[in-house]
Asks: 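Before anything else, here's the structure in question.
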Protein chains: 2
Amino acid sequence: MSEAEQAPNRSYHHGDLRNALIQAGREILTEEGSAGLDLRKVARRAGVSHTAPYRHFADKQALLAAIAEDGFRELTEQMRARLEASPPLIEHQLISLGVAYVRFALERPAHMREIFSGLMIERAAYPDLYAASKVAFALIMTTIVAAQERGEIVEAHPTDLVVTVWAMIHGVAMLLLEQQIPGYTDDEAAELLVQQTIQALYTGIRSRTTPRKAGV
Amino acid sequence: MSEAEQAPNRSYHHGDLRNALIQAGREILTEEGSAGLDLRKVARRAGVSHTAPYRHFADKQALLAAIAEDGFRELTEQMRARLEASPPLIEHQLISLGVAYVRFALERPAHMREIFSGLMIERAAYPDLYAASKVAFALIMTTIVAAQERGEIVEAHPTDLVVTVWAMIHGVAMLLLEQQIPGYTDDEAAELLVQQTIQALYTGIRSRTTPRKAGV
DNA sequence: ACCTGAACACCGTTCAAGT
DNA sequence: ACCTGAACACCGTTCAAGT
């Protein structure tokens with residue numbers, strides 16, 4: 001935390017420019033969205049010339065990937081925090097994961113989009129970003145497997161269940177984020193929506209009464 | 001279809017430049033992705049000067065919204081087509097909707113992203129795009145309500161069910177699109193994933209055996 | 001009414017040069 | 001090793017002008 005201890009000298013070297021650029025980018029993304037995120041502006045905010053970033057990133061895309069990776073870690077951390085504060089029943093746990101996910105998406109929409117459109121661009125080119133996504137995946141996996149061991153969840157292949165749960169949460173977050181769901185603007189409504197969708201996935205939407213056979 | 005009949009004269013007027021620009025944009029989006037979609041290139045492809053688009057669109061954003069709207073209509077059309085070819089059982093119908101959705105996303109990833117990131121930007125500014133999204137919503141709604149009448153689906157509020165189903169399908173499509181799900185690259189695997197997730201939502205992921213009470 | 005060409009401010013990237 | 005400044009090609013947008 002102390003500034004004086006770390007920096008060797010601050011002549012014209014920055015100390016940790018790479019990280020300063022990621023943080024500056026993060027801020028711009030949060031304040032102005034992805035349209036406002038240009039390399040020259042990031043450099044300006046970090047207090048260096050507009051060519052300095054090229055010492056640390058091959059190009060703009062590489063900086064974006066680093067910012068996405070940073071966001072993915074933060075998202076995972078918030079999921080983990082809510083999960084730990086949750087009672088050990090799978091319904092509550094899934095809702096906790098979902099609420100953390102949706103809150104992050106609504107608090108930092110541009111960052112959320114960047115996180116998930118960064119992977120498309122040749123996964124092999126950004127292995128660290130890919131690694132960050134696997135940590136999030138593993139977190140859900142652990143939760144699912146433990147619930148199976150407690151007998152709370154169906155005995156399907158865990159990977160399939162993780163994908164299903166993740167897709168549900170991701171879909172809710174993204175539709176909310178893009179304001180596709182009318183009437184859900186505030187956080188409270190968003191949490192109710194998470195509860196409702198997780199509940200639907202948990203118990204199913206199939207009719208519980210015997211379905212009448214053909215014929216209206 | 002005939003070119004000669006429609007055009008009054010082709011001196012220097014284009015005839016239907018607005019539509020030509022949307023189509024040109026669509027093509028570029030499909031071929032090069034959103035990074036390659038600049039206004040001057042769109043104009044070049046449509047065969048006009050780089051300032052001509054401003055006769056029909058206030059700015060680049062407005063053209064993007066029009067392209068997104070065009071894509072939304074196409075997506076809805078493909079959903080409707082598959083739905084009509086589906087047996088009238090809700091499970092098959094939801095899978096049909098999902099498959100159409102996912103196929104579109106994988107065939108035209110950049111277009112799909114554009115469709116859903118276009119709404120964020122002030123809904124009021126692009127009412128036509130918003131209207132296109134409501135048509136898709138209505139299609140799912142009709143399907144759900146009919147299934148409720150047949151007694152195949154739980155008697156919840158239809159709007160809630162539509163959101164739940166849509167979120168599930170959207171999540172699957174977007175995670176596949178961004179290559180977040182390892183091992184699902186080809187269309188066939190993607191269809192299996194849709195089946196699996198819809199099935200999970202339909203019947204639920206809760207354990208069918210009596211869950212053991214606390215204690216491993 | 002519809003389109004063009006010059007002009008402006010700005011961006012990503014490169015490269016020779018500075019400490 | 002790390003950063004700067006000039007330079008280049010390109011983009012979005014405006015505006016006076018042409019038919």
Side-chain angles (χ1 to χ4, degrees), chain A residues 6-25 27-29 31-68 110 114 117-118 121-122 125-126, chain B residues 3 6-29 31-68 110 114 117-118 121-122 125-126:
Chain A
Q6 283 282 23
N9 68 9
R10 39 174 182 149
S11 55
Y12 72 106
H13 288 70
H14 191 285
D16 189 7
L17 181 56
R18 190 191 133 89
N19 204 57
L21 290 167
I22 293 173
Q23 294 311 315
E27 289 169 24
I28 293 172
L29 209 49
E31 292 164 17
E32 307 175 40
S34 55
L37 187 62
D38 64 77
L39 212 47
R40 291 166 102 110
K41 199 188 285 178
V42 173
R44 230 176 287 140
R45 194 184 274 246
V48 291
S49 79
H50 65 271
T51 57
Y54 287 92
R55 280 305 116 194
H56 301 274
F57 300 100
D59 50 23
K60 186 187 178 183
Q61 205 57 249
L63 172 60
L64 290 180
I67 295 170
E114 198 53 49
S117 63
I121 334 148
E122 306 140 82
Y126 305 105
Chain B
E3 268 191 350
Q6 283 283 25
N9 67 8
R10 40 178 179 144
S11 54
Y12 72 108
H13 288 70
H14 191 285
D16 189 7
L17 181 55
R18 191 190 132 90
N19 202 58
L21 290 167
I22 293 174
Q23 293 312 313
R26 240 183 78 107
E27 289 169 23
I28 293 172
L29 209 48
E31 292 164 18
E32 307 176 40
S34 55
L37 188 62
D38 64 77
L39 213 47
R40 291 166 101 111
K41 199 188 284 177
V42 173
R44 230 176 288 140
R45 193 184 274 246
V48 291
S49 78
H50 65 271
T51 56
Y54 287 91
R55 282 304 114 195
H56 301 274
F57 300 101
D59 51 22
K60 187 186 177 183
Q61 206 57 249
L63 172 60
L64 289 181
I67 295 171
E114 199 53 50
S117 64
I121 332 149
E122 307 140 82
Y126 306 105

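Order of the sequence lines sets the chain letters (A, B, ...), proteins ahead of strands, with each chain counted from 1. We use all heavy atoms of the structure for the numbers below, so side chains are in, but hydrogens, waters and symmetry mates are not.
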Asks: Would you please enumerate the stems DNA chain D participates in, each stem being three or more consecutive Watson-Crick or G-U wobble pairs with both distances under 3.5 Å?
Replies: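 For DNA chain D the paired stretches long enough to count as stems (3 pairs minimum) are C:4-8 with D:12-16, C:12-16 with D:4-8.
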Asks: Can you tell me how far apart CZ (Phe57(A)) and CD1 (Ile67(A)) are? Round to the nearest 0.5 Å.
Replies: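 Going from CZ on Phe57(A) over to CD1 on Ile67(A), the span is 7.5 Å.
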Asks: From the set dT13(D), dC3(D), dT13(C), return the single nucleotide nearest to any side-chain atom of Leu17(A).
Replies: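 The closest nucleotide is dC3(D).
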Asks: What closest approach, in Å, do Ser34(A) and Ala110(A) show between heavy atoms, and which atom pair accounts for it?
Replies: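 Heavy atoms only, the tightest pair is N-CB, 3.9 Å.
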Asks: Between P on dC11(C) and CD1 on Ile28(A), what's the gap in Å once rounded to a whole number?
Replies: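 Distance check: Ile28(A) CD1 to dC11(C) P gives 10 Å.
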Asks: Starting at CG of Asp16(A) and ending at P of dC2(D), how long is that distance when rounded to a whole Å?
Replies: 11 Å
Asks: How close or far is atom P of dA9(D) from atom CG of Asp38(B), stated in whole angstroms?
Replies: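 Whole-Å distance recorded here is 17 Å.
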Asks: So, taking the atom named CZ in Arg40(A) and the one named NE2 in His50(A), what distance separates them when rounded to the nearest 0.5 Å?
Replies: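 Arg40(A) atom CZ to His50(A) atom NE2 measures 4.0 Å (nearest 0.5 Å).
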Asks: Could you pull out the closest heavy-atom pair between Glu114(A) and Ala68(A), with the gap in Å?
Replies: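 Smallest heavy-atom distance, with atoms named: O-CB, 3.8 Å.
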Asks: What is the distance, rounded to the nearest whole Å, between atom CZ of Arg44(A) and atom P of dA9(C)?
Replies: 15 Å
Asks: Rounded to the nearest 0.5 Å, what separation is found between the CZ atom of Arg44(B) and the CG atom of Asp38(B)?
Replies: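 Interatomic distance, Arg44(B) CZ to Asp38(B) CG, rounded to 0.5 Å: 6.5 Å.
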Asks: Please check this pair: side chain of Lys60(B) against backbone of Leu37(B), looking for a donor-acceptor N/O pair closer than 3.5 Å.
Replies: yes
Asks: How far does NZ of Lys41(B) sit from CD of Glu32(B), to the nearest 0.5 angstrom?
Replies: 3.5 Å
Asks: Starting at CZ of Arg18(B) and ending at C1' of dA1(C), how long is that distance when rounded to a whole Å?
Replies: 17 Å
Asks: Please report, rounded to the nearest Å, how far the C1' atom of dA9(D) is from the CZ atom of Arg40(B).
Replies: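 Rounding to the nearest Å, CZ of Arg40(B) and C1' of dA9(D) are 11 Å apart.
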Asks: Measure the distance from CZ on Arg45(A) to P on dC11(C) and round it to the nearest whole Å.
Replies: 14 Å
Asks: Taking DNA chain D as the partner, which of residues 50-59 of chain B come within under 4.0 angstrom of it by heavy atom?
Replies: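 By residue number: His50(B), Thr51(B), Tyr54(B), Asp59(B).
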Asks: Would you indicate which nucleotide in dC3(C), dC11(C), dT13(D) comes nearest to any side-chain atom of Leu39(B)?
Replies: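 Looking only at heavy atoms from C-beta outward on Leu39(B), the closest nucleotide is dT13(D).
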Asks: Working to the nearest 0.5 angstrom, can you tell me the gap between Glu31(B) CD and Arg45(B) CZ?
Replies: 4.5 Å
Asks: Roughly how far, to the nearest 0.5 Å, is CZ of Arg55(A) from CG of Leu21(A)?
Replies: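 The CZ atom of Arg55(A) is 13.0 Å from CG of Leu21(A), to the nearest 0.5 Å.
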